[in-house]
Amino acid sequence: MHKLLKMNALALATLMAAQTAGAAGLGRLSVTSALGQPLRAEIELLAVQPEELGTLGVKIANQEAFRQARLERSEAVGSLQLYVEQRPGGKPVLRITSPQAINDPFLDLLIELNWSSGRILREYTVLLDPPSDSRGEAAPPAQPAATVASEPSVPATVASKAKSSAPSK
């Protein structure tokens, strides 16, 4: 009896694997924007058949799904725009953009992908680095605008050295 149950379980697992082998999937996330800029990111779409492209639906999961996944759904996540497009080589990707700058260093996303024969949810954490300068180094943090003083201020040590080195008359 035990051997029969084992064989049935193995047959069921094999059948399930065969059904999901051609299923679409969400791959690696690539972010091309920085902190303080509108979000620009893409996720590779895996195992998508050409005939499935027209049936793909993608969206940010609802508040209940975030709650069940124990994730906080920030306001910025609600304004994200998601769409499927093909790269020049024909590979489909999911593009994620935002209309406004993202000022949080990370965002938790819960992406829902639907197609004619299935549905998946996948969690991503988007990490946003500070913008970099042309040399690839992080740009210094923005400083508040300086106020204009009526008289230029010179540090006391510099002022005293300037006086002592001045020629006397």
Side-chain angles (χ1 to χ4, degrees), residues 1-2 4-133 136-142 144:
M1 182 73 164
H2 187 269
L4 183 61
L5 284 174
K6 235 180 178 179
M7 287 177 58
N8 283 340
L10 181 61
L12 181 60
T14 304
L15 180 62
M16 289 176 67
Q19 288 179 340
T20 60
L26 294 167
R28 193 176 62 110
L29 170 76
S30 300
V31 179
T32 58
S33 58
L35 186 64
Q37 299 175 343
L39 182 66
R40 289 182 320 277
E42 71 178 30
I43 297 173
E44 299 171 338
L45 292 175
L46 307 173
V48 175
Q49 303 303 315
E51 62 273 6
E52 289 179 321
L53 272 176
T55 68
L56 285 180
V58 64
K59 65 181 181 177
I60 299 290
N62 63 29
Q63 185 65 39
E64 178 61 20
F66 270 79
R67 188 186 65 70
Q68 288 177 357
R70 296 185 177 155
L71 295 173
E72 184 178 332
R73 188 172 195 237
S74 69
E75 285 184 39
V77 170
S79 68
L80 297 180
Q81 300 158 348
L82 288 78
Y83 53 96
V84 175
E85 72 175 33
Q86 287 185 299
R87 288 185 184 150
K91 181 151 179 72
V93 294
L94 168 60
R95 298 259 186 226
I96 306 170
T97 60
S98 70
Q100 78 283 349
I102 303 295
N103 295 312
D104 293 326
F106 72 93
L107 290 174
D108 286 322
L109 301 181
L110 193 55
I111 307 290
E112 182 177 330
L113 180 66
N114 296 290
W115 66 100
S116 61
S117 60
R119 171 185 178 261
I120 59 170
L121 280 173
R122 178 148 180 211
E123 177 185 344
Y124 290 92
T125 298
V126 178
L127 300 174
L128 297 168
D129 293 325
S132 61
D133 64 12
E137 297 175 6

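For clarity, every value in this text was computed on a predicted model and none was experimentally measured.
In this view, D104 and L107 satisfy the side-chain contact (heavy atoms from CB on, under 4.5 Å) rule, not counting sequence neighbours.
Between Y124 and L26 there is a side-chain heavy-atom pair separated by less than 4.5 Å. A 4.5 Å side-chain heavy-atom check between L56 and L45 finds at least one atom pair inside the cut-off. Within the 4.5 Å cutoff, side-chain heavy atoms of L128 are placed close to those of V126. Between S79 and Q100, the closest side-chain pair of non-hydrogen atoms falls below 4.5 Å. In this structure the side chain of L71 never reaches within 4.5 angstrom of the side chain of L109, judged on heavy atoms. Proximity of L35 to D129: side-chain heavy atoms (C-beta onward) are nowhere separated by under 4.5 Å. F66 has its side chain within reach of V77: a pair of non-hydrogen atoms, C-beta onward, lies under 4.5 Å apart. The side-chain heavy atoms of E52 and S117, taken from C-beta on, include a pair separated by under 4.5 Å.
Between the side chain of T32 and the backbone N or O of R40, at least one donor-acceptor pair lies under 3.5 Å. R122 places no side-chain N or O within 3.5 Å of a backbone atom of I111 that could act as its donor or acceptor partner.
Heavy-atom minimum distance, S98 versus L80: CB-CD2, 3.6 Å. When all heavy atoms are compared, the tightest approach of A65 to L121 is CB-CD1, 4.5 Å. Summarising the geometry of A101 relative to G36, their closest heavy-atom pair is CB-O, 3.3 Å, with the distance given to 0.1 Å. Contact record, G27 with L46: CA-CD1, 3.6 Å, taken as the closest heavy-atom pair. Smallest separation of non-hydrogen atoms from P38 and S33: O-CB, 3.2 Å.
I102 CD1 to L39 CG: the interatomic distance, rounded to the nearest 0.5 Å, is 5.5 Å. Between the CG atom of N103 and the CD atom of Q37 there is a distance of 10.5 Å, given to the nearest 0.5 Å. Here the straight-line distance linking atom CD1 of I96 with atom CG of L94 works out to 4.5 Å at 0.5 Å rounding.
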Item to check | Chi angles and distances behind the side-chain contact (heavy atoms from CB on, under 4.5 Å) call for V84, L53 | outcome: CA-CA 8 Å; V84 175; L53 272 176; 4.1 Å; yes

Checklist entry - I120 and W115: side-chain contact (heavy atoms from CB on, under 4.5 Å), yes or no, with the steps? => result CA-CA 9 Å; I120 59 170; W115 66 100; 4.0 Å; yes

Item to check | Verdict with reasoning, R95 to L82, per side-chain contact (heavy atoms from CB on, under 4.5 Å) | outcome: CA-CA 6 Å; R95 298 259 186 226; L82 288 78; over 6 Å; no

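Surrounding NZ of K91 are more than 12 heavy atoms belonging to other residues, nucleotides or ligands, all under 6.0 Å away.
Salt bridge present: E112 and R119 bring a charged side-chain N and a carboxylate O closer than 4.0 Å.
Under 3.5 Å, the side chains of S30 and E42 contain no donor-acceptor pair of N or O atoms.
Listed by first then second residue, pairs satisfying salt bridge (Lys or Arg N to Asp or Glu O under 4.0 Å) with a partner in residues 65-82 read E64-R67, not counting sequence neighbours.
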